[in-house]
K.L.:
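Pasting a structure here, questions to come.
The sequence lines fix the lettering, A, B, ..., with proteins before strands; numbering per chain opens at 1.
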Amino acid sequence: MLPDTIEPRIQIDRTRDKSHGDLASNIALTLAKVAKKSPRDIATAICAALPEADFVERTEIAGPGFINFFLSGSSSQAVIQRILEQGANFGTSDEGEGRKVQVEFVSANPTGPLHVGHGRGAAVGDSICRLLAATGWDVSSEFYYNDAGQQINNLALSVQARCKGLGPDDDSWPDDGYRGGYIQDIAAAYLSGDKVDSEDRHVLASGDPENLDDIREFAVAFLRREQDLDLKAFGVDFDVYFLESSLYESGQVEATVAKLVENGHAYEHEGALWLRSTDFGDDKDRVMRKTDGGYTYFLPDVAYHFNKWQRGFVRVIDEQGADHHSTVTRVRAGLQALHEGIPEGWPEYVLHQMVTVMRNGEEVKLSKRAGNYVTLRDLVDEVGRDATRYFLGARAANSQLNFDIDLALSKTNDNPVYYIQYAHARACSVMRKMADQALHWDQSFALAQLEQLTQESEKALLRRLDRYPEIVARAAASAEPHMMASYLRELAGDFHSNYNSHKILVDDEAVRAARAALSQAVKQVVANGLALLGVSAPESM
RNA sequence: GGGCCCAUAGCUCAGCUGGAUAGAGCACCCGCCUUCUAAGCGGGUGGCCGCAGGUUCGAGUCCUGCUGGGCCCGCCA
């Protein structure tokens, strides 16, 4: 029937519509042209030649020539046993084979409180870490910041001005000073000799308004602590805090320049040192060393990423705001110019677009503490950690995000966070009720009753549960945690729907056990999925 | 002017790597609590998937060109 020279690529996919069975193959359609037969004839021949299998109940030819496979009841019910046995590990895999991956995110400089954009980066970046860990990667999370540049100097000058009683509207206020109310807080703490502990530094204020170095050190520690507190309240922490200044102290910046010059990719022009980044796909060459002898930010960026490479990360993901997208080509070009065998697409970037915060249909722009932007703390304080994490993590990163405060605060089914958490709480509630009524619960007995799950809404739930490991794998591979949020919304929908149509605690012991087992499986998967998003799974609401 | 991202129901968004009649929530209309939490469920109204070409047996999905919106284009980070 077919020329024996061809080697067809056999493709079997999940179906989108349950009337098409569980799995479907388009093989007959792809072979139709070369076989010079109609797709339906080919499909018929293939079906006739298929061996019998326990897990396939029947096959069907449909539409233009799809072969649909209907799996047997027992094979689809088996997922419950896998879930209950594997528990919190259900859905994990060893895809990463223990390889080292680094995820860098937030990386805010210590010049002010974290804003909503940092929150989005934190939600997305942290979920990526959790997804990678769940798929067998050896994950290291990292926060990179500059504690020594001109911005930090401006910060110190601003705090000093506040120490001397000046305000942002005074004539002698520093030109590029920070005007937010938090500067006043730092000044007050500094003057009263406070001690500050952050994740990566500890400083006691001298209280001397004339000592700019002391002020600088204190202000950085103070703001680092603020950021740590905000991130902690958000459920996010880091394995490594990396200082830009360390790249200078260790000579890595100098070494990087020397390497680029040695490799012939640098040239002097008008008193500055340039990298010929156009050799590596950039649209123009970039200055590395300014005429004043200082380096542009881009050079430490290259040195920093080379440092990551030397630390042995086969995969690095940088999560940043999309306003930094121009660094992507630049950093990769610099790394290529080092001739160190770094792959062209290394590191990977996940760039998130802007966040707009909405209240009563209007954009919110101001914060009392920070001045001209909405802080992460404002949001977490108002709508809570779970809702904030969910909303900031539930959208594809490369789409702009509307954060609707009214929706996040809503405690109805409008709000997907509560909707999903409620599914978990309901499942817990059923088990509590079971105990209250002194009904017998025996997991192994229940697992032997699964053939009782014959309702359409139960089968839909089984199909949904079966997909979970695949969702974890794909979300991790593409670094797109929002896929998990969508999945959980759908799973919760299937659960609530089934819950309303079929009572779990019925008199029939076998049916009751089977339904309770299904409910327990849903509870487990909801908990696992929410954990990957950094959202809690409450036992009651 | 150049680069990156986006465009799907009135609104907010999914769409599983090219498959079969395009999905969900909100909003609007109609129903469901003496029964495991109504923070829930069922039904209905509502779409030239921005526009125009192209590739393919097949395109919301891939390619090209437009249009509209966001971000970025410094010897700032």
K.L.:
Does the structure place the NZ or CZ of R385(A) under 6.0 Å from the centre of the six-membered ring of Y390(A), at an angle of no more than 45° from the ring's axis?
P.N.:
no

K.L.:
Between H265(A) and F280(A), does the ring centre distance come in under 6.0 Å?
P.N.:
yes

K.L.:
In whole angstroms, how far is the C1' atom of C36(B) from the CZ atom of F495(A)?
P.N.:
10 Å

K.L.:
For H424(A), answer base if it contacts any base atom (sugar-phosphate contacts may also be present), sugar-phosphate if it contacts only those atoms, and nothing otherwise; contact means non-hydrogen atoms under 4.0 Å.
P.N.:
nothing

K.L.:
Strictly below 4.0 Å: does H482(A) bring a side-chain N or O up to OP1 or OP2 of G15(B)?
P.N.:
yes

K.L.:
Across all strands shown, which nucleotide pairs with C33(B) by Watson-Crick or G-U wobble geometry, both distances under 3.5 Å?
P.N.:
none

K.L.:
Please tell me which of the listed nucleotides, G15(B), A39(B), A38(B), lies nearest to the side chain of R426(A)?
P.N.:
A38(B)

K.L.:
Pairing check on C4(B): which nucleotide meets the Watson-Crick or G-U wobble criteria with it, both distances under 3.5 Å?
P.N.:
G70(B)

K.L.:
The side chain of H325(A) is closest to which nucleotide in this list: C36(B), A14(B), G3(B)?
P.N.:
G3(B)

K.L.:
Please work out whether C48(B) sits syn or anti, treating a glycosidic angle within 90° of 0 as syn.
P.N.:
anti

K.L.:
When we call it a touch if two heavy atoms are under 4.0 Å apart, what does R489(A) touch: a base, just sugar-phosphate, or nothing?
P.N.:
sugar-phosphate

K.L.:
Base, sugar-phosphate or nothing for D404(A)? Non-hydrogen atoms, less than 4.0 Å.
P.N.:
nothing

K.L.:
Is it the case that the side chains of H496(A) and R426(A) hold a donor-acceptor pair, with the cut-off being a distance below 3.5 Å and no angle test?
P.N.:
yes

K.L.:
Would you kindly give the NE2-to-C1' distance between H269(A) and G74(B), to the nearest whole Å?
P.N.:
15 Å

K.L.:
Using whole Å, report how far OH of Y487(A) lies from P of A24(B).
P.N.:
18 Å

K.L.:
Which is true for F298(A) with a 4.0 Å heavy-atom rule: it touches a base, it touches only sugar-phosphate, or it touches nothing?
P.N.:
nothing

K.L.:
Quick one: which of U35(B), G70(B), C41(B) gets closest to the side chain of S497(A)?
P.N.:
C41(B)

K.L.:
Among L450(A), D466(A), L461(A), V522(A), find the residue that satisfies the side chain to side chain contact (heavy atoms under 4.5 Å, CB included) test when tested with I80(A).
P.N.:
L450(A)

K.L.:
For U17(B), does the glycosidic angle fall within 90° of 0 (syn) or outside that (anti)?
P.N.:
syn

K.L.:
So which nucleotide does C48(B) pair with, by the Watson-Crick or G-U wobble rule with both distances under 3.5 Å?
P.N.:
none

K.L.:
In Watson-Crick or G-U wobble terms, both distances under 3.5 Å, what is the partner of G18(B)?
P.N.:
none

